[in-house]
Amino acid sequence: DRSLVSLVTNSIIVVDLALSMLTVLLASLLLSVLVRDRSHSSSFFTIYKVGLIYDILGLLCLHIISAVPTRGGLLNEDFMESQLYLKTFYSVNYFTHTCQGITNLLLSLNRATAVLLPLHHRRIWSAPFTLPFCFVFQFCLGIHFGERSLHLELYLKHYPTGERFPMTADNLGVRAFWLETFIAAFSSCLFTIILYSIVAWKFPLKRVSAPRTKKEVVESKRTLSLLSVAIVVMVSEKDFRIFFPLFFGITDLYSCLPSYLLIIFCKPIRDQVV
């Protein structure tokens with residue numbers, strides 16, 4: 001029944017919008033805590049702060065540009081049919097989500113060096129050009145996929161019950177773009193999984209053989225908690241293009257999780273926020 005499908009999809013949008021706006025506030029609060037407290041100035045938290053900025057940007061842009069306007073009444077219909085609107089929708093989403101994916105990759109590299117190369121970890125990530133290079137690469141890759149999406153042939157798909165969604169035409173250019181994004185995402189995920197598999201294998205051995213001084217016990221717990229955050233963020237990566245009725249919910253879930261994970265697994269930050 002079309003009316004039932006419309007009711008379900010609109011309900012998902014409303015719940016998703018409420019959760020997303022709550023998460024924007026929470027992520028902003030977390031970002032403020034991390035920036036103000038110098039005890040959270042390590043390379044892991046620096047990467048996490050940049051990731052939170054992209055999460056906030058992704059949540060705001062998704063709803064301002066797409067989720068709310070596609071319900072109707074907010075934007076002029078002719079403008080929504082225009083390539084300017086459609087290309088803005090795709091380019092902004094590909095930019096933010098590419099940058100979020102690179103955040104996962106950087107977190108996995110950071111945790112891998114912390115566990116596998118503890119004596120060199122700080123020197124590697126505190127080098128003058130390491131983090132700036134990572135962030136420039138992250139931004140440029142996001143720009144690349146955002147710019148590539150500008151060349152797609154797009155149209156606004158209308159449903160009889162009033163919903164509208166930006167869609168891509170089925171042609172060779174679009175298929176080449178999907179293949180490029182798939183290869184990039186698959187390679188990144190595979191590399192991240194391999195890294196965490198090695199870390200999961202090595203970490204218990206290091207805990208057994210490690211000295212049990214109070215400082216090292218605290219550091220071991222801290223490493224484990226940050227590793228847990230990084231792993232769950234990586235596992236949450238999903239292809240948000242598969243089912244359009246759940247498009248916004250799945251996409252926002254990806255942007256929302258890092259804020260909640262940091263509160264769940266990192267007690268010092270949880271204490272400051274609460």
Side-chain angles (χ1 to χ4, degrees), residues 27 30 34 42-55 57-59 93-118 120-122 124-125 127 130-146 148 177-207 220 222-242 250-266:
L30 283 173
L34 292 176
S42 66
S43 55
F44 176 89
F45 285 112
T46 301
I47 296 169
Y48 218 94
K49 283 182 278 190
V50 173
L52 283 175
I53 292 173
Y54 286 119
D55 289 340
L57 181 63
L59 287 168
N93 275 283
Y94 269 100
F95 168 75
T96 55
H97 289 290
T98 298
C99 291
Q100 287 174 310
I102 297 300
T103 297
N104 289 341
L105 184 60
L106 294 177
L107 288 175
S108 68
L109 285 170
N110 183 272
R111 290 302 87 198
T113 55
V115 174
L116 303 177
L117 302 169
H120 305 284
H121 170 75
R122 189 180 298 274
I124 292 172
W125 290 96
T130 300
L131 285 177
F133 173 81
C134 291
F135 295 143
V136 169
F137 171 76
Q138 178 183 36
F139 181 80
C140 289
L141 195 63
I143 289 293
H144 167 72
F145 281 108
R148 287 278 287 113
F177 177 72
W178 291 148
L179 179 61
E180 180 183 354
T181 55
F182 171 78
I183 291 174
F186 179 78
S187 301
S188 175
C189 288
L190 182 61
F191 180 71
T192 304
I193 290 171
I194 292 173
L195 270 180
Y196 281 135
S197 298
I198 296 173
V199 169
W201 175 53
K202 291 286 188 180
F203 191 72
L205 298 177
K206 286 182 175 292
R207 293 190 71 189
S220 177
R222 176 186 172 88
T223 301
L224 180 60
S225 64
L226 297 185
L227 177 62
S228 302
V229 172
I231 289 176
V232 179
V233 169
M234 181 275 295
V235 170
S236 70
E237 183 136 13
K238 295 176 174 68
D239 185 348
F240 50 82
R241 296 180 298 271
I242 297 176
I250 295 174
T251 302
D252 285 333
L253 177 65
Y254 183 67
S255 298
C256 291
L257 273 175
S259 298
Y260 296 101
L261 291 173
L262 196 61
I263 290 177
I264 292 171
F265 288 104
C266 195

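The figures here come from the full heavy-atom set of this structure, side chains too, leaving out hydrogens, waters and symmetry mates. Note that this is a predicted model, so its numbers are computed, not measured.
Ring orientation note: the planes of F186 and F182 are close to parallel, at an angle under 30° on the 30°/60° scale. Using cut-offs of 30° and 60° for the angle between ring planes, the W178 and Y94 rings count as tilted.
At least one side-chain heavy atom of F135 sits less than 4.5 Å from a side-chain heavy atom of I47. Considering only heavy atoms from C-beta on, R148 stays 4.5 Å or farther from T181 through its side chain. Proximity of D55 to Q100: side-chain heavy atoms (C-beta onward) are separated by under 4.5 Å at one or more points. The shortest side-chain heavy-atom distance between F191 and L109 falls under the 4.5 Å cut-off. The shortest side-chain heavy-atom distance between L116 and H121 does not fall under the 4.5 Å cut-off.
Taking every heavy atom of both residues into account, W125 and T113 meet most closely at NE1-OG1, 2.8 Å. Between N110 and S43 the shortest heavy-atom distance is ND2-OG, 2.7 Å. The two residues F95 and L57 come nearest to each other via the heavy atoms CE2-CD2, 4.1 Å. The two residues S188 and T192 make their nearest non-hydrogen contact at O-OG1, 2.7 Å. Smallest separation of non-hydrogen atoms from S187 and I183: OG-O, 2.7 Å.
Separating the CG atom in L141 from the CD1 atom in I102 is a distance of 5.0 Å, to the nearest 0.5 Å. A distance of 12.5 Å separates CD1 in I198 from CD1 in I193, rounded to the nearest 0.5 Å.
Remark: the backbone N or O of N93 is paired with a side-chain donor or acceptor of T96 at under 3.5 angstrom. At least one donor-acceptor pair under 3.5 Å links the side chain of T130 to the backbone N or O of I124. Of the possible polar contacts, one joining the S108 side chain to the L105 backbone as a donor-acceptor pair under 3.5 Å is found.
At most 12 non-hydrogen atoms from other residues, nucleotides or ligands lie less than 6.0 angstrom from CZ of F139.
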| task | Start with the C-alpha gap between F145 and E180, add the side-chain angles, then the distance that decides, and say whether side chain to side chain contact (heavy atoms under 4.5 Å, CB included) holds. | result | CA-CA 9 Å; F145 281 108; E180 180 183 354; 3.8 Å; yes
